[in-house]
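These notes concern the structure reproduced below.
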Amino acid sequence: MGLRRRLSKWRLQLALVVGTLVVGGLSSAASGALTIGAAQAGSAPTGAASSCKQGFTPAVIAGKAKCLKSGRACAKRYQKAYRKYGFNCVNGHLRKRAVPPAPPAPPPSPPAPPPAPTPHAQPGHYKGLSSQLTNFEFDVTADGNFVTNLVTGQINEGCTPGGSLYGGDLNFGTSTIPIATDGSFTIDIPYEGKVDEDVSTGHLTIIGHLSGNTATGTLSDTVSFTSDGTQYSCGSGLQTWTATRTG
């Protein structure tokens, strides 16, 4: 009688690394102090500038060179001229003009919120069959960007130098598989298990593509083990599967 062994429950260790796009809004605050000095309008003759002591402002008032400073005597009729140099004439004496503070800068506009990610597939539950007429189903998360709760039915494999295996019934639980922008997803993992009591190694590949309310893809699995001194290599071949969104 040829070999017909059951592949014990496969111990799949799925390590799916899902990239996290943490899109955070940038915020900035600008503050500044704007110092406005006294208006220095007009120009004084070179001689007047050089003759003014430190702390005085050279000026030309009524066509004459003057050295201006707060507290010095002034004539009200030349008020307009004094103002060009940052002074007022008050009660016959110069007074430094007050410079109004600069208005505060308006607060920066808040950053625009990041756009919501575009769903890559229709969310919901998908259910169908493989080409071996066994179960194949999964969910697409509410954001449309991940496959989760993927399960399969039995997977049958032929072996070399002879015999066959049956097993599978895979269940990935809440593990998530990212869906690409073109609607495709891939599981490609090595694993360890047992064929009866013999330690085995295997490799599972599931490829899928979602479009509208339908998903199609392929499944293949290989298993290697040694039993009673004989090494066996088993494989499912390339199976196909189809699933339809049920809700």
Side-chain angles (χ1 to χ4, degrees), residues 2-18 119-160 162-225 227 232-247:
L3 173 74
R4 180 163 173 76
R5 306 279 290 279
R6 178 170 181 80
L7 181 61
S8 302
K9 187 169 182 62
W10 296 350
R11 295 176 296 168
L12 296 180
Q13 299 191 3
L14 176 64
L16 297 175
V17 179
V18 179
H120 300 158
Q122 291 288 334
H125 184 71
Y126 290 73
K127 184 175 179 61
L129 295 174
S130 73
S131 53
Q132 291 186 346
L133 301 180
T134 60
N135 185 48
F136 194 97
E137 59 185 299
F138 58 87
D139 294 324
V140 172
T141 55
D143 61 6
N145 293 323
F146 296 91
V147 166
T148 188
N149 299 321
L150 190 150
V151 297
T152 74
Q154 180 171 298
I155 300 174
N156 302 307
E157 304 188 15
C159 299
T160 300
S164 61
L165 290 181
Y166 62 99
D169 300 309
L170 306 179
N171 188 335
F172 289 92
T174 57
S175 298
T176 55
I177 304 101
I179 302 172
T181 55
D182 64 356
S184 63
F185 66 91
T186 300
I187 298 172
D188 188 10
I189 53 172
Y191 63 88
E192 294 180 353
K194 281 188 175 182
V195 176
D196 290 341
E197 296 303 317
D198 299 318
V199 175
S200 64
T201 58
H203 196 110
L204 172 71
T205 302
I206 298 175
I207 298 175
H209 185 269
L210 294 109
S211 179
N213 293 323
T214 303
T216 58
T218 59
L219 180 153
S220 63
D221 182 72
T222 59
V223 178
S224 297
F225 65 97
S227 180
Y232 291 89
S233 296
C234 308
S236 65
L238 188 64
Q239 299 181 29
T240 60
W241 57 265
T242 302
T244 302
R245 190 164 74 96
T246 60

**Prompt:** With sequence neighbours excluded, what pairs up with Asn145 under the side chain to side chain donor-acceptor pair (under 3.5 Å) test?
**Reply:** His120

**Prompt:** Is a side-chain N or O of Asp196 found less than 3.5 angstrom from the main chain of Asp198, in a donor-acceptor match?
**Reply:** no

**Fill in**
OH (Tyr166) and CG (Asn156) are apart, to the nearest 0.5 Å, by 10.0 Å

**Message:** Nearest 0.5 Å, please: how far is OG1 in Thr222 from CG in Leu204?
**Reply:** 9.0 Å

**Which atom of Ser130 lies closest to which atom of Phe136, heavy atoms considered** = N-CB, 4.5 Å

**Complete:** Rounded to the nearest 0.5 angstrom, the CG-CG distance for Asn135 and Leu129 is 7.0 Å

**Asked** Of all residues at least two apart in sequence or in a different chain, which pass the side chain to side chain donor-acceptor pair (under 3.5 Å) check with Ser236?
**Response** none

**Asked** Do side-chain atoms of Thr134 reach the backbone of Gly153 as a donor and acceptor pair under 3.5 angstrom?
**Response** no

**Request:** Apply side-chain contact (heavy atoms from CB on, under 4.5 Å) to Tyr191 and Asp221, showing your working.
**Result:** CA-CA 11 Å; Tyr191 63 88; Asp221 182 72; 2.8 Å; yes

**Prompt:** Nearest heavy-atom pair of Ala142 and Pro123: which atoms, and what distance?
**Reply:** O-CG, 3.3 Å

**Asked** Where is the tightest heavy-atom contact between Ser233 and Ser224, given as atom of each residue plus distance?
**Response** OG-OG, 4.0 Å

**Asked** If you measure from OG1 on Thr152 to CH2 on Trp241, what distance do you get to the nearest 0.5 Å?
**Response** 11.5 Å

**Request:** Kindly write out the residues that satisfy side chain to side chain donor-acceptor pair (under 3.5 Å) with Thr244, not counting sequence neighbours, or none if the list is empty.
**Result:** none

**Message:** Please report the interatomic distance CD(Gln154) to CG(Leu165), rounded to the nearest 0.5 Å.
**Reply:** 10.5 Å

**Message:** Using side-chain contact (heavy atoms from CB on, under 4.5 Å), reason through Thr148 and Val140 one step at a time and then give a plain yes or no.
**Reply:** CA-CA 6 Å; Thr148 188; Val140 172; over 6 Å; no

**Closest non-hydrogen atom pair between Ser200 and Val195, with its separation** = CB-CG2, 3.9 Å

**Asked** In Å, rounded to the nearest 0.5 Å, how long is the span from CD1 of Ile179 to OG1 of Thr186?
**Response** 11.0 Å

**Request:** For Ser211, check side chain to side chain contact (heavy atoms under 4.5 Å, CB included) against everything at least two apart and list the hits.
**Result:** His209

**Prompt:** What residue pairs, at least two apart or across chains, pass salt bridge (charged side-chain N to carboxylate O under 4.0 Å, His left out) with a residue in residues 173-186?
**Reply:** none

**Request:** Check the pair Ile206, Leu150 against side-chain contact (heavy atoms from CB on, under 4.5 Å), reporting the backbone distance first and the verdict last.
**Result:** CA-CA 11 Å; Ile206 298 175; Leu150 190 150; 4.2 Å; yes

**Prompt:** Who passes side chain to side chain contact (heavy atoms under 4.5 Å, CB included) against Thr214, sequence neighbours left out?
**Reply:** Thr216, Thr242

**Residue pairs involving residues 127-142 (criterion salt bridge (charged side-chain N to carboxylate O under 4.0 Å, His left out); sequence neighbours excluded)** = Lys127-Glu137

**Complete:** Heavy atoms of Val199 and Phe225 approach each other most closely as O-CB, 3.5 Å

**Asked** Side chains of Tyr126 and Asn149: donor-acceptor distance under 3.5 Å anywhere?
**Response** no

**Asked** Which pairs pass salt bridge (charged side-chain N to carboxylate O under 4.0 Å, His left out) with one or both residues in residues 238-247, sequence neighbours excluded?
**Response** none

**Prompt:** Does a donor on one side chain and an acceptor on the other come within less than 3.5 Å for Asp143 and Thr141?
**Reply:** yes

**Item:** Partner residues of Gln239 under the side chain to side chain donor-acceptor pair (under 3.5 Å) criterion, sequence neighbours left out
**Value:** Gln132

**Message:** So that I know where these two stand, are Phe138 and Phe146 an aromatic pair - ring centroids less than 6.0 Å apart?
**Reply:** no

**Message:** Measuring only between side-chain heavy atoms, which start at C-beta, is Phe185 closer than 4.5 Å to Leu210?
**Reply:** yes

